[in-house]
Protein chains: 2
Amino acid sequence: MTKKIIIVGGVAGGATAAARLRRLDEKSEIIMFERGEYVSFANCGLPYYIGGTINKREKLLVQTVEGMSKKYNLDIRNLTEVVKINRDNKTVEVRNLSTGEQYEESYDVLLLSPGAKPIVPPIPGINDAEHLFTLRNVPDTDRIKKYVTEEKPQSAVVVGGGFIGLEMVENLVELGIEVTLVEMANQVLAPIDFEMAAIVHDKLKAHGVNLILEDGVKAFEDRGKKVILNSGTEVITDMIILSIGVRPENELARDAGLPLGNRGGILVNEFLQTDDPSIFAVGDAIEVVDYVSQAPAMIPLAGPANRQARIVADNIYGRGKKYHGTLGTAVVKVFEYTIAATGNNEKTLKQQGIDYRVVHIHPGSHAGYYPGANPIHFKLLFSPENGKVFGAQAVGVTGVEKRIDVIATAIKGELDVYDLTDLELSYAPPFSSAKDPVNMAGYVASNMLEDSIKTVQWDEIDSVVADGGVLIDVREPSELKGGYIEGSINIPLGDLRGRLDELPKGESIYINCQVGLRGYLATRILLENGYDAINLDGGWKTYSVAKGLVSNK
Amino acid sequence: MTKKIIIVGGVAGGATAAARLRRLDEKSEIIMFERGEYVSFANCGLPYYIGGTINKREKLLVQTVEGMSKKYNLDIRNLTEVVKINRDNKTVEVRNLSTGEQYEESYDVLLLSPGAKPIVPPIPGINDAEHLFTLRNVPDTDRIKKYVTEEKPQSAVVVGGGFIGLEMVENLVELGIEVTLVEMANQVLAPIDFEMAAIVHDKLKAHGVNLILEDGVKAFEDRGKKVILNSGTEVITDMIILSIGVRPENELARDAGLPLGNRGGILVNEFLQTDDPSIFAVGDAIEVVDYVSQAPAMIPLAGPANRQARIVADNIYGRGKKYHGTLGTAVVKVFEYTIAATGNNEKTLKQQGIDYRVVHIHPGSHAGYYPGANPIHFKLLFSPENGKVFGAQAVGVTGVEKRIDVIATAIKGELDVYDLTDLELSYAPPFSSAKDPVNMAGYVASNMLEDSIKTVQWDEIDSVVADGGVLIDVREPSELKGGYIEGSINIPLGDLRGRLDELPKGESIYINCQVGLRGYLATRILLENGYDAINLDGGWKTYSVAKGLVSNK
């Protein structure tokens, strides 16, 4: 069974696979080619080294070529590029980038873990832009670090508000640089939905970020000192970070005739095997199956790459392990906020024509009477048919990714919204509430399904009121000073039972409160008294931040 | 369907049930009797008010009698005790504790949520002890707060190292009081196992707590100024907190002839209904089913009480909801540490004769290259037959209860240790590693099951060495300065492949490293080379702290 295994790419997927391959078999010959100088570096840490949070460059170098070679008895050849796969005679053509020497190496099994590279579109002036950077590896990082350290730029434009873009925004702001963030969509962070991203928009602005949405770069002028946007806006800047997305490194696979997906990902079966049984592939370069919808997807994340790597190593030795798809669980820190998500968002569900229901809640991260609690803005998406959990998103200061991890686990366990109410999560005042936010989301969702509690969403209520719908705000009068929905009538919850005769029967009555909880109580009171009542999901908090009416601080 | 419902007890279970009962039916008559002055107070917050972390007394009063009555249209009668249940004519006898007036009240449905009271054993001198306190409710809290504020005690003895005992220890230390903690068992925090508790013992000592284990109180002398222990040790103290456990308030149920369990809990079926179909019961007073082992158990926790309350409210209206048992997920803060657990521990599994396997790991709370990462000491218990997860325990500074919540969710989802490797948890450097600690635990466990990786435990290795077993320490020589297992031979991992001929074939070779990871690599190398190798689970870290050899800081 001893094999000669060649791995292309020595970062997340390749390095993890190499280590597992060796653990499973001491005798196999394992050659790992890496085009760059470094293997197994901390790619997710790069922005934090630039910003200074990670203070030593060597911390980025998790494993050295020498250390890893020795520990796992590997033949690691860095600064060496695999330039061609000859599938017929099972060899790869390799170029030593230091010497220019080119040679062939045979394989029994080939593992492709080439990753994905930053997209650099042919924007006019891009080639003349002097201080334009992308961020993928250590040399990229060195270049940016050197520039910010030596040239002390005053201003930066970050193009693209994804994970890396936002991490760069934060780290550049930490360096005292004035940052403009340009994003083509109407929101940052595509994995979450608009009204959740709106909370992040507020936070970015609160930190002085010049946030420009729904605009793109038309041209770079003056050697990159001037960024001209599609809208005509001009931004003068000392540096540019391009982080508009990544594209799979599929050239080797494509040239070898291996099938690619619509978005360029290398196609693999559930064993992570390509069309050629001797060639496997993992990581950002492959097309995966969306765990929730089972649709094809490109999801470049470190966690899945690592899991795939272990599975593929097992399969190279014939263990027949299946990769069940990618959930897309992700988290990012943006200043004080943690933003996390798992599963499908509303945009994805709409695109795929899947019927869904939404819950927005804003529970405290822990018991309100214990200091330091902060609201977690939490969104749950689920099936109206059977309560199946499609996904969740959360934004807040603490305890955010904990709740998303619980939902991610619940999805893997095929738990539904009723099960969420039944989860027994750890509670003491510094950590949670007796009903954890996840339980609460489950309760609200199961109320909708079991008790036919109807809700209206933040983006629907204005037209309801415009069309003459009755909207009752059940908050206390003092709370309305912070703002209220135009056209709403204030009847505090405590007064509602005594003022039922003011309400029209036979007509839908819409309810609003601060976060949706008192609205639910009011909805129950009205339903029980023979009224048709509909609660504004997420209350004033979701509405106001999504509408940009109130800064969320 | 409109009913007259009487609830006995207005704190966690009773108050939650009352609110849900009203939400489901506007017309029912709901009377809630509470013996004390306060309903729905923050019972889990009481120690933190005493210590000053919660700075205002009113924060403990989550809902007032008046506010809750109005919000949910309830007839709340506080300072009123239900003294007898007349099941035949479905009435309760009630005493108004303010006026002494006694009267009957009829019910259609009776819900018992009386809770549990601190155990106060008949220790000689206990009745004369002047500054001896238990902590259950707001008046208890007021008494302790008044004493520590006005009398400024210099010293305290806390008897019992459970959740409340440890929270009191911490809060008294925060007040500058010298605290002695006396615990009958050989460890604090019964829900976790000894070697995990040992980490907490170190932390307590580091904060100056005089920790006395395996000792109990024989007598109080000098009006409680002197505490005499079974060992003969005498402790002079200004105050005593008795927190040795709670006993269900089962008198009403018992006197009414309702069946009780062996440990005094009110017996209920899966619908939380007692032997009398008109009487339901929830909370600390009932016997529950252990979710993992399905054995009867008494698990007094706020989370389950709240969930039971909602279920029972549904069932009172005939909804037929099942309570599936209690997992016992719990968390406590002890100074810098968070300690959390879920499911069964090793002691319980042993008691029940269930075959299990153990994994100890010490991964970082997040990526090591990002500042602020701390080790999480994590223990996983699972079935050797099918990988079923029995339980988990964790101790660390950050991200501890997050991992326990994930395991609690996994248990509810019937996930096994293989599934743990497959969980897609949120990763960015400030929050986790690409392989989350839960994934890591799953990997180690599945290695044991799939690849027959054998491990030896911290409490077994000494006798192995004493019996002449070969123990190889694969750490670097510099690491041994911090301590090593007597009799071990140092062969650093990197040298192992070159020094195989020093090892005896045909004999078990035991391996040790710092946390178990390099030991696993060494084990694989030896197994692959035809040796029989056994890894010390959890490595030097678990061994040394459990053996009290090295303070964990």
Side-chain angles (χ1 to χ4, degrees), chain A residues 12 23 25-26 42 44-45 48 53-54 59-60 62 70-71 73 302-304 306-307 324 326-327 329-333 338 340 342 367 369-371 401-402 404-406 408-410 412-415 419 421-431 434-435 493-494 497 521 524-525 528-529, chain B residues 12 23 25-26 42 44-45 48 53-54 59-60 62 70-71 73 302-304 306-307 324 326-327 329-333 338 340 342 367 369-371 401-402 404-406 408-410 412-415 419 421-431 434-435 493-494 497 521 524-525 528-529:
Chain A
R23 288 199 298 273
D25 187 348
E26 273 288 287
C44 300
Y48 298 99
T53 300
I54 297 173
K59 288 190 183 167
L60 299 176
V62 179
K70 192 174 172 195
K71 192 165 169 188
N73 188 22
N306 273 280
R307 283 206 317 289
H324 299 292
T326 301
L327 203 45
T329 310
V331 61
V332 63
K333 169 174 148 26
T338 301
T342 189
Y369 54 78
Y370 190 92
E401 90 286 5
K402 171 165 83 169
I404 292 300
D405 281 356
V406 166
T409 307
K412 286 272 182 180
E414 298 180 0
L415 301 182
D419 296 317
T421 70
D422 204 30
L423 289 180
E424 201 180 314
L425 304 170
S426 47
Y427 163 57
F431 304 100
K435 296 186 191 89
L493 177 64
R497 285 189 182 88
L521 301 180
R524 287 299 319 174
I525 292 170
E528 282 287 308
N529 281 285
Chain B
R23 289 199 297 274
D25 186 348
E26 273 289 287
C44 300
Y48 298 100
T53 301
I54 296 173
K59 288 190 182 167
L60 300 176
V62 179
K70 193 173 173 196
K71 194 165 168 188
N73 188 22
N306 273 280
R307 283 205 316 289
H324 299 291
T326 302
L327 203 46
T329 310
V331 62
V332 62
K333 169 173 148 32
T338 301
T342 189
Y369 54 77
Y370 189 93
E401 91 285 5
K402 171 165 84 169
I404 292 300
D405 281 357
V406 166
T409 307
K412 287 271 181 181
E414 297 181 1
L415 300 182
D419 295 318
T421 70
D422 205 29
L423 290 180
E424 201 180 314
L425 304 171
S426 47
Y427 163 56
F431 305 100
K435 296 187 191 89
L493 177 63
R497 286 188 182 88
L521 301 179
R524 288 299 318 175
I525 291 171
E528 282 288 308
N529 281 286

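Since this is a predicted model, take the numbers as computed values, not measurements. Note that these values count all heavy atoms, side chains included, but never hydrogens, waters or copies made by symmetry. Numbers restart at 1 for each chain; the letters A, B, ... are given by sequence-line order, proteins then strands.
With a 4.5 Å cut-off on non-hydrogen atoms, A/V332 touches chain B through its backbone but not through its side chain. Contact annotation for A/Y48: only side-chain heavy atoms (C-beta onward) come within less than 4.5 Å of a heavy atom of chain B. Heavy atoms of A/E414 lying under 4.5 Å from chain B are absent altogether. Both the backbone and the side chain of A/T326 have a heavy atom closer than 4.5 Å to some heavy atom of chain B. Within the 4.5 angstrom heavy-atom criterion, no atom of B/A367 approaches chain A.
Between A/L425 and B/T329, the shortest heavy-atom contact is C-CG2, 3.7 Å. The two atoms that bring A/I54 and B/P371 nearest to each other are CG1-CD, 4.2 Å, heavy atoms only. Heavy-atom minimum distance, B/L327 versus A/E424: N-OE1, 2.5 Å.
Without hydrogens or angle criteria, A/E528 side chain to B/E26 main chain gives a donor-acceptor distance under 3.5 Å.
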Subject >> Full working for side chain to side chain contact (heavy atoms under 4.5 Å, CB included) between A/D419 and B/T409 >> reply: CA-CA 9 Å; A/D419 296 317; B/T409 307; over 6 Å; no
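Considering only heavy-atom pairs separated by less than 4.5 Å from chain A, the leading option among B/K70, B/R307, B/H324 is B/R307. By number of non-hydrogen pairs under 4.5 angstrom with chain A, the leading residue of B/G303, B/A408, B/G494 is B/G494. Of all the listed residues (A/N529, A/I404, A/D422), the one sharing the greatest number of non-hydrogen pairs under 4.5 Å with chain B is A/D422. Between chain A and the residues B/A434, B/C44, B/P304, the largest count of heavy-atom pairs under 4.5 Å involves B/C44. In terms of heavy-atom pairs under 4.5 angstrom with chain A, the leader among B/A12, B/A428, B/A42 is B/A42. In terms of heavy-atom pairs under 4.5 angstrom with chain A, the leader among B/V331, B/N306, B/L423, B/L521 is B/V331. If you tally non-hydrogen atom pairs under 4.5 Å between each of B/R23, B/K412, B/K59 and chain A, the highest count goes to B/R23.
In this structure, OG1 on A/T338 lies 6.0 Å from CD on A/E401, to the nearest 0.5 angstrom. To the nearest 0.5 Å, the span separating CG on B/L493 from CD1 on B/I525 amounts to 5.0 Å. Between the CG atom in A/L60 and the OH atom in B/Y369 there is a gap of 8.0 Å [rounded to 0.5 Å].
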